[in-house]
Every structure is written in structure tokens, then in C-alpha cells.
Protein chains: 2
Amino acid sequence: MDAQSTSMQIPEDEKSVILDSITIDCVIFGFKNEELEVLLVKHKEGISKNKWGLPGGWIYENEGIDDAANRLLLELTGIKDVYLEQLRAFGAPDRFPLSRVITVGYYALIKEEDYDLKAGYTAAEVAWFKVSEVKDLIYDHQQILEIGQKRLRRRIKQEPIGFNLLPEKFTLLQLMHLYEQILGYEMDKPNFRRKILKMDLLTPLAEKQKDVSHRAAKLYRFNPETYKKLLEKGFNFEF
Amino acid sequence: MDAQSTSMQIPEDEKSVILDSITIDCVIFGFKNEELEVLLVKHKEGISKNKWGLPGGWIYENEGIDDAANRLLLELTGIKDVYLEQLRAFGAPDRFPLSRVITVGYYALIKEEDYDLKAGYTAAEVAWFKVSEVKDLIYDHQQILEIGQKRLRRRIKQEPIGFNLLPEKFTLLQLMHLYEQILGYEMDKPNFRRKILKMDLLTPLAEKQKDVSHRAAKLYRFNPETYKKLLEKGFNFEF
DNA sequence: ATACTTGTAGTCAATATTACTATAAGTAAC
DNA sequence: GTTACTTATAGTAATATTGACTACAAGTAT
């Protein structure tokens with residue numbers, strides 16, 4: 001979202017407290033039906049009317065950019081304490097056609113189950129899209145999305161951040177599918193299982209999957225203590 | 001370098017063509033005498049007079065931020081085509097005391113031998129410092145430096161970017177020392193040699209080291225073709 | 001000639017990876 | 001309930017990698 005695209009919505013007296021040539025845009029990833037998804041908003045006004053783009057907004061003058069990104073995310077999705085990391089600044093001189101605006105890209109990982117579409121915008125304006133099918137976003141948002149995907153791919157190989165996309169309880173196969181989806185290649189079930197279990201990162205639960213038409217798999221929970229230890233020591237999630 | 005700190009140096013008629021609340025700051029790494037170094041400049045005017053900070057500057061209104069970073073680097077060091085990558089935007093509301101300025105951090109790797117200190121500034125204003133000894137930089141530059149180090153540490157484990165810090169011809173031990181310096185731990189010589197040679201990333205030269213008071217080591221050159229192949233396929237530089 | 005320093009080669013046990021096969025535990029169809 | 005089907009989970013075996021070493025080569029300095 002860029003300054004001019006929706007500036008009519010901002011009352012005059014509020015304009016003075018936001019920075020006017022820097023915006024924030026968020027790539028919000030979710031995972032549903034074995035597919036990586038991204039949350040997009042449809043612009044209502046301005047030159048990008050009726051086109052889809054990344055959710056974003058302005059930074060208040062007394063607010064840090066990370067704080068601004070967290071606030072925008074809360075305003076949009078109604079959830080807080082999500083995994084959120086800055087991608088980088090995007091500043092091609094012609095990235096926004098009406099004036100020189102630099103945007104700071106962020107990417108977030110959320111559990112789709114926790115998220116209620118109606119919390120912020122109405123359903124007509126915001127929706128999940130399969131990442132693989134997204135195209136023709138406004139401005140340079142397609143590029144920001146790509147950089148976000150690239151970052152996610154890198155991160156997931158070194159930190160178990162994938163857990164932010166899954167429900168609390170999940171099966172090993174779900175986790176493996178998440179990895180396959182993000183990394184873009186297939187894996188071997190027994191090998192994946194062995195490697196991830198040896199890391200001692202998952203806590204097995206007494207529970208099992210329900211309502212599946214085949215042998216129910218054991219459910220696991222992510223073990224944050226081991227995660228911390230592994231982070232300090234450094235490790236490799238390559239499969 | 002922030003807007004106000006040296007604003008007196010900019011003629012009035014040039015002010016209009018730069019962006020006024022965004023700057024660029026560069027962490028320029030070098031490697032000399034087995035130590036990782038960083039290039040700093042001493043501020044001459046403004047509130048940070050006589051204090052050391054990262055070299056930086058403004059972005060022209062018709063210039064992309066990556067272009068601006070490359071230009072600033074050329075102006076400062078006289079060299080181009082260096083390894084340069086954006087770190088991220090730094091935007092704490094109080095990072096610059098006089099006004100709200102967001103800076104975009106970059107980090108560069110250069111071969112110190114290629115660099116002539118006198119090309120840009122005079123020797124009194126710019127100097128190399130051992131990274132381990134740098135402290136009390138202006139504003140949030142200490143943080144930017146740390147983030148730069150962290151990024152370098154990460155990158156060097158996945159891409160052989162270390163070559164950008166070494167001279168064209170180098171010995172295996174020099175390369176290993178570079179890794180040790182950046183990663184902060186010691187390595188085993190025979191094992192390092194074996195692993196890196198197997199990657200087929202180095203081209204052995206007929207030449208040997210000169211003027212050393214011990215057995216001269218063979219010199220190697222970096223092989224860019226293998227590098228490309230390895231990058232596509234993905235690999236691990238962990239030692 | 002000897003000590004000393006660094007380069008380079010090689011060894012070997014432990015561990016990890018890869019590509020599998022095999023079996024267990026369920027559901028669904030007949 | 002027996003059979004087919006699906007997914008879960010266990011195990012195996014060849015191969016490659018790692019990590020901690022030893023040994024020796026090739027120079028310099030005394």
C-alpha cells in the first residue's frame with residue numbers, strides 16, 4: 001500500500017503524524033490444504049483501484065518501523081505476537097508511479113486457523129491466495145513477494161520457523177509437506193521422520209489424528225526449549 | 001551519515017534533488033593481517049563532530065537505493081563492482097536525535113589491496129579499524145555493524161563470498177584464517193583443506209608463496225564457474 | 001647438521017545420508 | 001469378515017561425510 005493510493009481516506013489532521021515517503025508492506029504467509037498461501041488486499045481507491053496487492057500502511061512519526069509493522073499486522077488480522085521479520089527496503093525510483101516512495105517489506109508467518117478474516121477488513125477486500133497462483137500484483141509487490149518466498153526458503157533450512165505456519169498439534173507428514181511446499185522438492189518420508197525426530201525438537205503427544213480414512217498418525221507438538229538450544233548451537237534443517 | 005550531521009556542506013540548490021528523511025549507511029569490510037576490518041569515517045561537523053561512524057550519504061530523487069549505495073561506495077573508495085548487499089532498513093524513532101531519519105544499511109566486501117585510502121577522503125577522515133575493537137560509533141551505527149557481521153557470518157556459510165575479501169591469489173591457510181576470523185572459532189587444517197578442495201571451487205596455480213620464512217604454500221585462485229553451479233544446487237560451507 | 005615451522009597426505013572410527021524394503025494399523029468396498 | 005487400499009512407522013545396507021588425529025615433506029633459522 002502506498003501513500004497516494006488511499007490518501008483520500010486519511011483526515012487532514014492525521015497526515016502530519018505519519019512519514020510521507022516511506023511505507024510498509026507485509027507478505028503474510030499461511031498454510032492451508034497443503035499449500036502455501038499469502039494474504040492480499042484489494043485496493044478500493046486511487047490508481048490501483050480493484051487490483052490486488054500486499055497489505056501495508058504508513059509509519060507514525062514517533063513509531064519504530066518494526067512497531068509499525070506489528071501494528072499494521074494487528075490492525076489487519078487481529079492477531080499479535082506473530083513471527084515477523086523485515087525483508088528489506090525497496091526503493092526503485094519508479095516503483096510507485098505518482099511520487100517517490102520507498103517501502104520496507106516485512107514477512108509474517110501465521111497459523112491460518114487463528115486468523116479470522118473478518119477481524120479487520122471485510123471479506124470482499126482481503127483474501128488468501130495460493131502463492132503459486134499469485135500474479136500481477138500492484139507496483140513492485142510481486143517482487144516483494146518473491147523476496148519473501150526466497151527468505152522463507154532460506155530461513156526454514158536453518159531455523160524451525162515452519163511451526164509458525166502449522167496448528168499447535170500436527171503430524172510428521174504435515175510438517176514434511178510444509179517443507180516440500182516451501183522448498184519445492186519432494187522428500188523421503190522415513191528419512192525425514194528419522195532426521196527430525198533425532199533432533200529432539202518435537203514432543204510426541206498421546207493423541208492421534210482423527211477423522212482420517214486411513215491409519216491415524218501420531219500428533220506432535222513443537223518443543224521450544226530444544227529449539228532455543230539448537231539456535232545457539234546452530235544447525236541444519238536440510239533434507 | 002545522517003541528513004543533519006553534515007547538511008551545511010550541501011548547497012541549497014542541490015537539496016531539492018535528494019530525499020530528506022532517508023539515508024544510506026555502509027558497513028565496508030576488509031581483511032588485512034589476518035583480521036577482519038571495517039572502514040569508518042570521522043564526522044567533521046554537526047552534533048557528531050569528531051566521532052567515528054559508518055560512511056554513508058543521501059539518495060538522489062531519481063536514483064534507486066541500490067544505485068545510491070553503489071555510487072556512495074565509488075565516491076568513497078574509488079572502486080566499483082564490489083560485493084554489495086542490503087542489510088535492511090533501520091528506523092527506531094530516536095535513532096537520529098535531531099529528526100526522524102530512517103537509514104538503509106548495506107554491507108560491502110572489498111579487497112583492501114585494491115583500495116587506495118586517498119582516493120576519496122583524506123587519510124585524516126577515513127580509516128580501517130579492526131572490527132573486534134570498534135566501539136562507540138555514532139547513532140545506531142554500532143548496531144548496523146553488528147547486523148552486518150551477523151549477515152556476513154551467515155552468508156559465508158552458504159556462499160563462498162569470502163573470496164571478495166582476499167587477494168586474487170591466496171593460500172589455503174589464508175582462506176581458513178578468514179573463515180576462522182569471521183565465524184569466531186578455530187578449524188582443523190587438514191580437514192578444512194580436504195573439504196574445500198573436494199568442492200572443486202579452487203583452481204591451483206603453478207605459483208607458490210614468496211618471502212615466507214617457512215615452506216611456501218601453493219597459491220590458489222577462486223573458480224567462478226564451479227561457484228555458479230554450486231549456488232544453483234545449494235551447498236554448505238560449514239566447517 | 002639440527003631444530004623449528006608450516007604445508008600436505010593419509011588414517012580410522014563415528015556419524016550421517018540416501019535409497020530403499022518391510023510391516024503395521026487403520027479405513028472402505030465387496 | 002475378507003480383501004484391497006492407504007498411510008504410518010520400523011528397519012537395513014551401501015555410501016559419504018566428519019572429526020580427531022598421525023606422519024611426513026619442504027622449507028627457514030641457527
Side-chain angles (χ1 to χ4, degrees), chain A residues 33-34 156-158 160 166-167 169-181 183-221 226 229-230 233-239, chain B residues 33-34 156-158 160 166-167 169-181 183-221 226 229-230 233-239:
Chain A
N33 302 328
E34 314 275 278
I156 210 171
K157 284 185 172 183
Q158 315 195 281
L166 291 174
K169 303 167 182 179
F170 51 85
T171 69
L172 291 180
L173 197 59
Q174 273 179 293
L175 183 59
M176 189 179 95
H177 284 326
L178 176 66
Y179 270 85
E180 289 183 332
Q181 238 335 268
L183 294 177
Y185 52 82
E186 296 202 340
M187 294 166 180
D188 179 89
K189 246 192 307 184
N191 290 344
F192 180 90
R193 150 186 300 275
R194 178 156 31 103
K195 183 162 179 180
I196 201 127
L197 284 181
K198 195 166 33 175
M199 287 180 186
D200 194 37
L201 192 69
L202 303 184
T203 307
L205 302 174
E207 261 175 289
K208 288 198 169 185
Q209 238 178 348
K210 272 173 191 164
D211 303 320
V212 285
S213 68
H214 57 263
R215 176 178 175 182
K218 182 178 276 199
L219 289 170
Y220 290 84
R221 203 161 34 81
T226 321
K229 277 183 219 151
L230 283 178
K233 170 168 158 258
F235 60 99
N236 209 332
F237 257 72
E238 213 114 12
F239 289 94
Chain B
N33 302 327
E34 315 275 279
I156 209 170
K157 284 184 172 182
Q158 315 195 282
L166 291 175
K169 303 167 182 179
F170 51 86
T171 70
L172 290 180
L173 197 60
Q174 273 180 293
L175 182 60
M176 189 179 95
H177 284 325
L178 176 68
Y179 270 85
E180 290 184 332
Q181 231 348 258
L183 295 177
Y185 52 81
E186 297 202 338
M187 294 166 180
D188 179 87
K189 243 190 311 182
N191 289 345
F192 180 89
R193 151 187 298 276
R194 180 165 27 116
K195 184 160 177 180
I196 200 126
L197 283 180
K198 195 167 32 174
M199 288 180 185
D200 194 36
L201 194 67
L202 302 183
T203 308
L205 302 174
E207 261 174 287
K208 288 196 170 187
Q209 237 178 349
K210 272 174 192 164
D211 304 318
V212 285
S213 68
H214 57 263
R215 174 177 175 183
K218 182 179 275 199
L219 290 170
Y220 289 85
R221 202 159 37 79
T226 322
K229 277 185 218 150
L230 283 178
K233 167 169 161 259
F235 60 99
N236 208 332
F237 256 73
E238 213 114 12
F239 288 95

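So that the names make sense, note that chain A is the first sequence line, chain B the second, and so on, each numbered from 1.
The CG-P distance, from B/Asn236 to D/dT17, rounds to 12 Å in whole Å. A/Asp211 has its CG atom 16 Å from the P atom of D/dT7, to the nearest Å. For the pair B/Met187 CE and D/dT18 C1', the computed distance is 14 Å after rounding to whole Å. With rounding to whole Å, A/His214 atom NE2 is found 7 Å from D/dT6 atom C1'. Atom P of nucleotide D/dA8 and atom CG of A/Leu175 are separated by 13 Å, given to the nearest angstrom.
Residues B/Thr203 and B/Thr226 have side chains not in contact (no heavy-atom distance under 4.5 Å, counting atoms from C-beta outward). Counting only heavy atoms from C-beta outward, the side chains of A/Ile156 and A/Tyr179 approach each other to under 4.5 Å.
Rounded to the nearest 0.5 Å, atoms CZ (B/Arg194) and CD1 (B/Ile196) are 13.0 Å apart. A distance of 7.5 Å separates CG in A/Asn236 from CE in A/Met199, rounded to the nearest 0.5 Å. Note that CZ of A/Phe192 is 9.0 Å distant from CG of A/Leu173, once rounded to the nearest 0.5 Å.
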Next on the checklist: Let's go through B/Leu183 and B/Lys157 carefully: what are the C-alpha distance in whole Å and the side-chain angles of both, what is the deciding distance for side chain to side chain contact (heavy atoms under 4.5 Å, CB included) to 0.1 Å, and is it a yes or a no?
Outcome noted: CA-CA 9 Å; B/Leu183 295 177; B/Lys157 284 184 172 182; 3.8 Å; yes

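Against DNA chain D, the stretch residues 196-210 of chain A makes no heavy-atom approach under 4.0 Å.
Using a 4.0 Å heavy-atom criterion, one finds that B/Leu173 contacts the sugar-phosphate atoms exclusively.
The outermost nucleotides of DNA chain C lying under 4.0 Å from heavy atoms of chain A, listed 5' to 3', are C/dA16 to C/dA28.
Phosphate contact (OP1/OP2 of D/dT18, side-chain N/O of B/Arg194, threshold under 4.0 Å): absent. Note on B/Lys195: every side-chain N or O is 4.0 Å or more away from OP1 and OP2 of D/dT17.
Ranked by how close their nearest DNA chain D nucleotide is to the 5' end, A/Lys189 and B/Phe239 are led by A/Lys189. Checking B/Thr171 against A/Asn191, the closest nucleotide of DNA chain C that is more toward the 5' end is the one next to B/Thr171.
Side-chain to base pairing of B/Arg215 with D/dA26: no donor and acceptor N or O lie closer than 3.5 Å to each other.
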Donor-acceptor contacts, no H, no angles, side chain residues 204-220 of chain A, under 3.5 Å, sequence neighbours left out:
unit_1, atom_1, unit_2, atom_2, d
A/Glu207, OE1, A/Lys169, NZ, 2.6
A/Glu207, OE2, A/Lys169, NZ, 3.4
A/Gln209, OE1, A/Ala217, N, 2.9

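In the displayed structure, B/Glu34 atom CD is contacted under 6.0 Å by more than 12 heavy atoms of other residues, nucleotides or ligands.
Checking side-chain atoms of B/Lys195 against main-chain N and O of B/Phe237 turns up no donor-acceptor pair under 3.5 Å.
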